[in-house]
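Here is the structure we will look at, set down as structure tokens.
Lettering follows sequence order; numbering is per chain, from 1.
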There are 2 protein chains.
Amino acid sequence: MNNNENTQKSTIKDVAKAAGVSIATVSRVINKNYYVSPEINVKVQNAIVQTGYVPDSIARTMKSNNTNLIGFIVSNISNPHMMTIARAIEKVIRESNYNLLVCSTENDPTLELKYLNAFISRRISGLVLHSTGGNEEYIAQKISSTLPTVLMFRHNECKEFVGDTVDTDGRQGSYKLAKHLIECGHRRIALLGGHLEVSTGRDRYQGYQDAMREFGLEINPELHYFGDFSELSGLQGARKLFTTSNPPTALLCLANMAAVGAMKYFRDKGIHVPDDVSVVSYGDIENVELMWVNPTRIPQIPSVLGQKAGELVLDRIQNPHRPNREATFDTDLIIGNSVKNYI
Amino acid sequence: MNNNENTQKSTIKDVAKAAGVSIATVSRVINKNYYVSPEINVKVQNAIVQTGYVPDSIARTMKSNNTNLIGFIVSNISNPHMMTIARAIEKVIRESNYNLLVCSTENDPTLELKYLNAFISRRISGLVLHSTGGNEEYIAQKISSTLPTVLMFRHNECKEFVGDTVDTDGRQGSYKLAKHLIECGHRRIALLGGHLEVSTGRDRYQGYQDAMREFGLEINPELHYFGDFSELSGLQGARKLFTTSNPPTALLCLANMAAVGAMKYFRDKGIHVPDDVSVVSYGDIENVELMWVNPTRIPQIPSVLGQKAGELVLDRIQNPHRPNREATFDTDLIIGNSVKNYI
DNA sequence: TATTGACAAGTAAACGATTCCATACTAAGT
DNA sequence: ACTTAGTATGGAATCGTTTACTTGTCAATA
């Protein structure tokens with residue numbers, strides 16, 4: 001039994017003592033950054049195994065200033081897509097020995113701020129941020145200048161902002177959705193949007209307006225409901241928009257979770273899709289293959305977006321001062337059977 | 001403009017210099033753990049604001065050995081429920097100023113080991129583990145003795161294991177599912193299980209056996225398929241089990257993602273549920289309200305399970321040597337319309 | 001043989017905080 | 001007025017690494 005491991009964690013000092021060398025030599029063996037003679041190498045390797053030594057990242061970080069930690073701040077984590085994105089990011093950064101720190105701000109800018117500071121205090125190496133939109137200047141001025149930053153589904157308009165952006169082309173996508181409804185003969189089109197404080201909400205709203213104008217249709221604010229991208233707000237919006245004497249013939253959902261909420265409302269109330277109301281969604285829906293109706297939609301492929309975000313943040317860590325990059329993915333319309341054709 | 005902040009991060013030394021006091025005093029002001037005279041207190045507070053100082057967690061951890069970091073290791077992150085659990089854990093621990101480190105092992109024990117070591121190296125304060133099942137002894141002997149550990153959906157049989165467990169009662173739940181099928185007149189019941197290396201797989205398999213024996217039915221291995229709890233394995237299992245000359249009348253899925261995979265297969269092939277085949281699922285399915293068929297199932301409420309796991313791990317951090325605790329949630333059968341009644 | 005150079009291995013100073021211990025100063029008791 | 005006790009503050013060690021600098025050995029060359 002040459003099992004020397006106590007319950008106490010062993011340090012580089014213990015390894016050095018066990019191997020009969022200095023701690024500097026042990027460090028060199030571990031990091032393989034200087035030449036160490038083969039015999040000593042073997043001795044140290046054995047001592048490492050014998051003592052059960054695992055290098056301490058905390059102490060390492062003290063010197064190297066590198067935590068190999070990426071922070072991912074999500075504003076509404078209930079969206080399963082955000083977690084698919086988290087997974088994709090994690091998968092990419094893992095290959096470079098990074099770990100992912102995840103948190104959710106529940107759409108609260110104050111909490112977002114708290115997390116940002118906590119993560120900075122932890123000296124994260126990079127940040128992927130799905131912001132609430134409440135801290136644009138602070139992020140531009142204080143965060144992004146010192147911390148490699150990638151924004152998801154958000155654009156930061158401030159001049160000072162240094163960082164990258166991953167998004168789908170919201171204006172293009174919602175234009176396609178609206179146009180499709182119009183071309184199927186719909187005129188009274190209700191809109192379920194996200195709030196306009198964030199670029200995602202604005203862009204997608206813009207695309208809808210583009211299409212309406214192009215076809216000379218009136219943009220009627222009474223048919224608009226702006227929620228917070230959540231399932232609940234989708235449900236509430238659908239209720240509000242469709243309990244009128246003259247309900248719209250179609251609903252354009254600018255967020256996938258809002259579409260889920262709206263469709264749950266319709267199904268619950270026995271409102272048939274597409275016979276009673278047509279529905280289109282910006283963003284994919286979980287288990288779409290198993291749904292009673294196959295929604296016409298603009299899919300956002302979260303694994304692709306997440307992978308891109310991971311790549312960009314790693315790249316920016318390598319090269320913090322390169323120009324901002326915007327990864328905007330084109331959108332494709334997938335035709336399901338959730339839209340009634342009046343033509 | 002008394003804006004002294006350069007791009008350089010300021011340390012406790014800078015604050016001390018700015019306030020004209022020693023670093024020890026600054027530390028005392030920050031931590032409020034010793035008396036400091038009101039005047040100096042004010043001076044230091046001002047200096048902190050002036051320098052834009054944020055305490056460095058890394059350096060703190062060097063002394064205090066406390067990272068306020070909880071690790072969450074998931075074996076198959078593609079299951080949306082795992083991410084709902086992650087969210088619930090994060091929500092609980094956030095209130096005690098902990099952050100969550102998330103990773104996925106893709107069912108690879110080697111990767112799990114790598115992550116475990118990486119997290120130990122990061123000196124995480126606690127661990128929630130959804131293990132692949134490949135490292136039971138190591139976890140019992142090396143991990144759990146020094147690190148507050150909570151297992152999700154897994155039981156560690158080793159005597160040395162020190163830690164808590166969160167699970168639903170798998171034997172009970174799958175017994176209920178099997179019994180329900182039998183009571184609806186099904187006799188040829190196919191089984192889509194998870195692998196038996198993990199307790200979840202074994203317990204649920206056991207419950208099925210209990211029910212079959214109770215009703216004097218033959219347990220026919222030809223009707224069993226053991227996959228890895230994933231959607232893909234569910235799909236493959238369904239294909240294997242239902243491309244025979246005399247297919248079973250019912251499918252008992254012991255994992256929610258497997259059920260998803262199987263149902264996608266059935267729908268794709270035009271096999272009607274429940275007319276052609278009855279399906280029951282252990283575990284809930286995302287957006288079940290929108291599905292073409294409402295599966296009869298045992299729901300596992302991930303937010304509740306996650307919350308429990310978060311509470312247990314925090315509690316164990318406070319009190320590392322208390323006896324192991326097992327949080328086993330009872331199961332309820334939800335009757336949908338995915339089972340044909342032959343009686 | 002003496003001098004130089006190469007290079008392996010050790011010594012010690014960081015990194016940024018916390019905290020034990022020492023010190024100096026105030027106030028009270030005889 | 002002198003000792004003593006109490007206490008606010010500073011000095012310095014410490015946590016576990018990395019790495020610049022130093023030391024010492026040995027082979028090669030003149």
For [N] and [X] - does any side-chain N or O of the residue sit under 4.0 Å from the phosphate oxygens OP1/OP2?
X: B:S37; N: D:dT9; result: yes
X: A:S27; N: D:dT17; result: no
X: B:N65; N: D:dC15; result: no
X: A:S22; N: C:dG10; result: yes
X: A:T61; N: D:dT17; result: no
X: A:Y53; N: D:dT17; result: yes

From the set [options], return the single nucleotide nearest to any side-chain atom of [X].
X: B:T11; options: D:dT19, C:dA17, D:dT18; result: C:dA17
X: A:Y34; options: D:dA20, D:dT17, C:dG16; result: D:dA20
X: A:K63; options: C:dG16, C:dA14, C:dG10; result: C:dA14
X: B:R60; options: C:dG10, C:dT18, D:dT9; result: C:dT18
X: A:I12; options: C:dG16, C:dG10, D:dT18; result: D:dT18
X: A:Y35; options: C:dA8, D:dA8, D:dT19; result: C:dA8

Fill in: Residues B:D164, B:R322: salt bridge by 4.0 Å N-O rule
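Salt bridge between B:D164 and B:R322, a charged N being under 4.0 Å from a carboxylate O: yes.
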How close or far is atom [atom2] of [N] from atom [atom1] of [X], stated in whole angstroms?
X: A:R28; N: D:dT17; atom1: CZ; atom2: P; result: 15 Å
X: B:N66; N: D:dC15; atom1: CG; atom2: P; result: 18 Å
X: B:I30; N: C:dG16; atom1: CD1; atom2: P; result: 14 Å
X: B:K13; N: D:dG10; atom1: NZ; atom2: P; result: 16 Å
X: A:N31; N: C:dA9; atom1: CG; atom2: P; result: 16 Å
X: A:K32; N: D:dT19; atom1: NZ; atom2: C1'; result: 18 Å
X: B:E39; N: D:dT9; atom1: CD; atom2: C1'; result: 13 Å

Worksheet item: So what does A:N33 hit on the nucleic acid, given a heavy-atom distance under 4.0 Å: a base, only sugar-phosphate, or nothing?
Response: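 Result for A:N33 = sugar-phosphate.
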Practice prompt. Remember a base hit wins even if backbone is also touched, and classify A:I58 as base, sugar-phosphate or nothing at under 4.0 Å, heavy atoms.
Written response: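 Counting heavy atoms under 4.0 Å across all strands, no contact is made by A:I58.
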Discussion item. What I'd like to find out is whether the side chain of A:S144 reaches to under 4.5 Å of the side chain of A:N156, using heavy atoms alone.
Written reply: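 Side chain of A:S144 against side chain of A:N156, heavy atoms only: no contact under 4.5 Å found.
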Worksheet item: What residue among B:V15, B:V36, B:I40 forms side chain to side chain contact (heavy atoms under 4.5 Å, CB included) with B:V26?
Response: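 It is B:V15, the one option of B:V15, B:V36, B:I40 that forms the side chain to side chain contact (heavy atoms under 4.5 Å, CB included) with B:V26.
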Worksheet item: Which is it for B:R325 and B:R316 under the side-chain contact (heavy atoms from CB on, under 4.5 Å) test, yes or no, and what are the steps along the way?
Response: CA-CA 10 Å; B:R325 211 173 285 169; B:R316 185 162 278 281; 5.6 Å; no
Item to complete: Identify whether NZ of Lys or CZ of Arg in B:R154 sits under 6.0 Å from the centre of the six-membered ring of B:F161 and within 45° of that ring's axis.
Response: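 Relative to the ring axis of B:F161, which defines the angle, B:R154 lies outside at least one limit.
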Worksheet item: For the side chain of B:R123 and the backbone of B:L69, is there at least one donor-acceptor N/O pair under 3.5 Å apart?
Response: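 No.
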Discussion item. Let me spell it out: for each of B:I23 and B:M62, pick the nucleotide of DNA chain D with the closest heavy atom. Which residue's pick is nearer the 5' end?
Written reply: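 Its nearest nucleotide being more 5', the pick is B:I23.
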